[in-house]
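Counting from 1, the numbers follow the sequence of the chain as shown.
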Amino acid sequence: MRAALLTVSSSRAGGGGDDESGERLAALAAALGLEVVGREVLPDDQATIAARLTYWADGAGVALILTSGGTGFAPDDVTPEATREVLDREAPGIAEAMREASRPHTANWMLSRGVAGIRGSTLIVNFPGSPRSIDQTAATLAPALPHALALLAGERPSHASPAEPAP
C-alpha cells in the first residue's frame, strides 16, 4: 500500500528548518510497511491543504495520508478544517485515541484539534506538529491502522485484536 505525508507549517514551507515531523511520519509509514510515494511541506492555508489532500486521495490513490501540524488553537491552525472539507466520513475514534495517548505527556493534550476520516478508500489522519507528540500518538495508533487500511481496501480481515488469536 502507498502513503503520502504532508507537513503543514508556513515557516517550514518557506524554507525554515528541517522537517522533523515529516521524518517521524515517514518512520510510522515504514513501520506499517507502506511505500511513501509523496512527501510535501505546505503552508498553513486551508485551500492549499484541502487541494493536496484531494490530490493524494483521488489523483494518486494512496491508502493513507498522514498530516502533521496545524491542529492547535492558533488562528492559522486550519488543518482540521481542511481535512473535514474533503472527508466523506469521519473516524472519531482515531482522533480520540490520539488525544488520550497525549494525556500522560502534556497538560495541553485537550487542545489538539486533529481529526481523522475517510475519503473514498483513503484514510486521512491529522497528527500534532510536535515530533515527540507524533511518536507518542503513533505508538497507540499503529496496531489498528493495518486493519483499517485492509477494510478500506475491500479486504475482510479477522476482527481479533493483535493480543487475541483469531477463532
Side-chain angles (χ1 to χ4, degrees), residues 1-10 12-13 19 21-22 24-29 32 34 36 38-153:
M1 290 187 178
R2 300 165 3 122
L5 315 175
L6 306 179
T7 299
V8 179
S9 169
S10 291
R12 298 285 183 267
D19 179 18
S21 296
R24 303 298 170 89
L25 295 179
L28 172 59
L32 295 171
L34 300 173
V36 175
R39 185 169 164 185
E40 299 181 278
V41 179
L42 306 174
D44 293 282
D45 176 75
Q46 186 171 336
T48 301
I49 300 164
R52 297 314 292 162
L53 291 171
T54 301
Y55 166 77
W56 287 110
D58 298 355
V62 299
L64 180 65
I65 302 171
L66 302 175
T67 74
S68 163
T71 62
F73 276 37
D76 62 349
D77 286 338
V78 295
T79 302
E81 288 74 20
T83 303
R84 281 192 181 100
E85 183 180 320
V86 304
L87 292 179
D88 298 325
R89 301 179 287 160
E90 281 198 46
I94 293 173
E96 291 165 11
M98 291 174 69
R99 282 185 276 280
E100 186 61 31
S102 294
R103 189 175 191 170
H105 305 285
T106 176
N108 297 322
W109 65 273
M110 66 193 78
L111 302 182
S112 177
R113 299 182 317 105
V115 300
I118 302 158
R119 178 177 178 91
S121 60
T122 302
L123 178 61
I124 302 170
V125 181
N126 298 157
F127 279 85
S130 158
R132 187 175 38 128
S133 293
I134 292 170
D135 292 342
Q136 293 161 352
T137 56
T140 295
L141 297 186
L145 290 179
H147 186 80
L149 296 174
L151 289 169
L152 288 171

Peer 1: Report yes if the side chains of V78 and D45 come closer than 4.5 Å at any heavy-atom pair, otherwise no.
Peer 2: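 With C-beta onward as the side chain, the pair stays apart.
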
Peer 1: Show the nearest heavy-atom pair for residues A29 and V36, with the distance to one decimal.
Peer 2: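 Looks like CB-CG2, 3.7 Å.
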
Peer 1: According to side chain to side chain contact (heavy atoms under 4.5 Å, CB included), who are the partners of A51, at least two apart in sequence or on a separate chain?
Peer 2: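 Counting only residues at least two positions away or on another chain, A51 forms no side chain to side chain contact (heavy atoms under 4.5 Å, CB included).
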
Peer 1: Is it the case that the side chain of T48 and the backbone of D44 share a donor-acceptor pair, with hydrogens and angles ignored and the cut-off at 3.5 Å?
Peer 2: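 Absent.
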
Peer 1: Could you walk me through whether L34 and L149 pass side-chain contact (heavy atoms from CB on, under 4.5 Å), step by step?
Peer 2: CA-CA 11 Å; L34 300 173; L149 296 174; 4.2 Å; yes

Peer 1: As an exercise, state the distance from OH of Y55 to CG of L6, rounded to the nearest 0.5 Å.
Peer 2: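 Interatomic distance, Y55 OH to L6 CG, rounded to 0.5 Å: 11.5 Å.
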
Peer 1: Kindly write out the residues that satisfy side chain to side chain donor-acceptor pair (under 3.5 Å) with R2, not counting sequence neighbours, or none if the list is empty.
Peer 2: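 Partners of R2 under the side chain to side chain donor-acceptor pair (under 3.5 Å) test: none.
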
Peer 1: Apply the test side-chain contact (heavy atoms from CB on, under 4.5 Å) to residues I94 and L123: give CA-CA distance (whole Å), side-chain angles for both, the deciding distance (0.1 Å), then the verdict.
Peer 2: CA-CA 11 Å; I94 293 173; L123 178 61; 4.0 Å; yes

Peer 1: Side-chain contact, heavy-atom cut-off 4.5 Å: V115 with R84?
Peer 2: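 They are in side-chain contact.
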
Peer 1: Going by salt bridge (Lys or Arg N to Asp or Glu O under 4.0 Å), name the pairs with one or both residues in residues 56-69, residues two or more places apart or in two chains.
Peer 2: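 Output for this query lists D58-R119.
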
Peer 1: Under the rule for side chain to side chain contact (heavy atoms under 4.5 Å, CB included), what residues qualify as partners of A142, not counting sequence neighbours?
Peer 2: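 Checked A142 against side chain to side chain contact (heavy atoms under 4.5 Å, CB included); matches are L28, L32.
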
Peer 1: Return each pair, listed once, that meets salt bridge (Lys or Arg N to Asp or Glu O under 4.0 Å) where at least one residue sits in residues 139-149; pairs must be two or more places apart or across chains.
Peer 2: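 Not a single pair qualifies under salt bridge (Lys or Arg N to Asp or Glu O under 4.0 Å).
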
Peer 1: Go through the structure and list residues passing side chain to side chain contact (heavy atoms under 4.5 Å, CB included) with L87, not counting sequence neighbours.
Peer 2: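 Scan of L87 (side chain to side chain contact (heavy atoms under 4.5 Å, CB included), adjacent residues dropped) gives T83, E90, I124.
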
Peer 1: Using every non-hydrogen atom in the two residues, find where A101 and P104 come nearest and quote the distance to one decimal.
Peer 2: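 For A101 and P104, the tightest heavy-atom pair comes out as O-CD, 3.3 Å.
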
Peer 1: Holding to salt bridge (charged side-chain N to carboxylate O under 4.0 Å, His left out), I want the full list of residues that pass it with E96, two or more places apart in sequence or in another chain.
Peer 2: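 If we apply the salt bridge (charged side-chain N to carboxylate O under 4.0 Å, His left out) test to E96, skipping adjacent residues, there are no hits.
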
Peer 1: Mind running side-chain contact (heavy atoms from CB on, under 4.5 Å) on L42 and R52 for me, showing each step along the way?
Peer 2: CA-CA 9 Å; L42 306 174; R52 297 314 292 162; 3.8 Å; yes

Peer 1: Begin from the C-alpha positions of L152 and I118 and carry the test side-chain contact (heavy atoms from CB on, under 4.5 Å) through to its verdict.
Peer 2: CA-CA 9 Å; L152 288 171; I118 302 158; 3.7 Å; yes

Peer 1: How long is the span from the CD1 atom in I49 to the CD atom in E85, to the nearest 0.5 Å?
Peer 2: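 Interatomic distance, I49 CD1 to E85 CD, rounded to 0.5 Å: 9.5 Å.
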
Peer 1: Less than 3.5 Å apart, which donor and acceptor atoms pair up between the side chains of residues 105-114 and the rest of the protein, not counting sequence neighbours?
Peer 2:
unit_1	atom_1	unit_2	atom_2	d
H105	ND1	Q136	NE2	3.4
T106	OG1	N108	N	3.0
R113	NE	G72	O	2.7
R113	NH1	E81	OE2	2.7
R113	NH2	D77	O	2.7
R113	NH2	E81	OE1	3.2
R113	NH2	E81	OE2	3.4

Peer 1: Identify every side-chain donor-acceptor pair in residues 64-71 under 3.5 Å, counting partners at least two apart or on other chains, and give the distances.
Peer 2:
unit_1	atom_1	unit_2	atom_2	d
T67	OG1	N126	ND2	2.9
S68	OG	S21	OG	3.4
S68	OG	P128	O	3.3

Peer 1: As an exercise, state the distance from OG1 of T137 to CZ of F127, rounded to the nearest 0.5 Å.
Peer 2: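 The CZ atom of F127 is 4.5 Å from OG1 of T137, to the nearest 0.5 Å.
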
Peer 1: Say you draw a straight line from CG of D76 to CD of Q46; how long is it, rounded to the nearest 0.5 Å?
Peer 2: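 Interatomic distance, D76 CG to Q46 CD, rounded to 0.5 Å: 12.0 Å.
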
Peer 1: Quick one: side chain to side chain contact (heavy atoms under 4.5 Å, CB included) partners of E100, sequence neighbours excluded?
Peer 2: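 E100 satisfies side chain to side chain contact (heavy atoms under 4.5 Å, CB included) with R103 once adjacent residues are dropped.
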
Peer 1: What pairs of residues pass the salt bridge (Lys or Arg N to Asp or Glu O under 4.0 Å) test when at least one of them lies in residues 131-151, not counting sequence neighbours?
Peer 2: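 Of all non-adjacent pairs touching residues 131-151, those that pass salt bridge (Lys or Arg N to Asp or Glu O under 4.0 Å) are R24-D135.
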
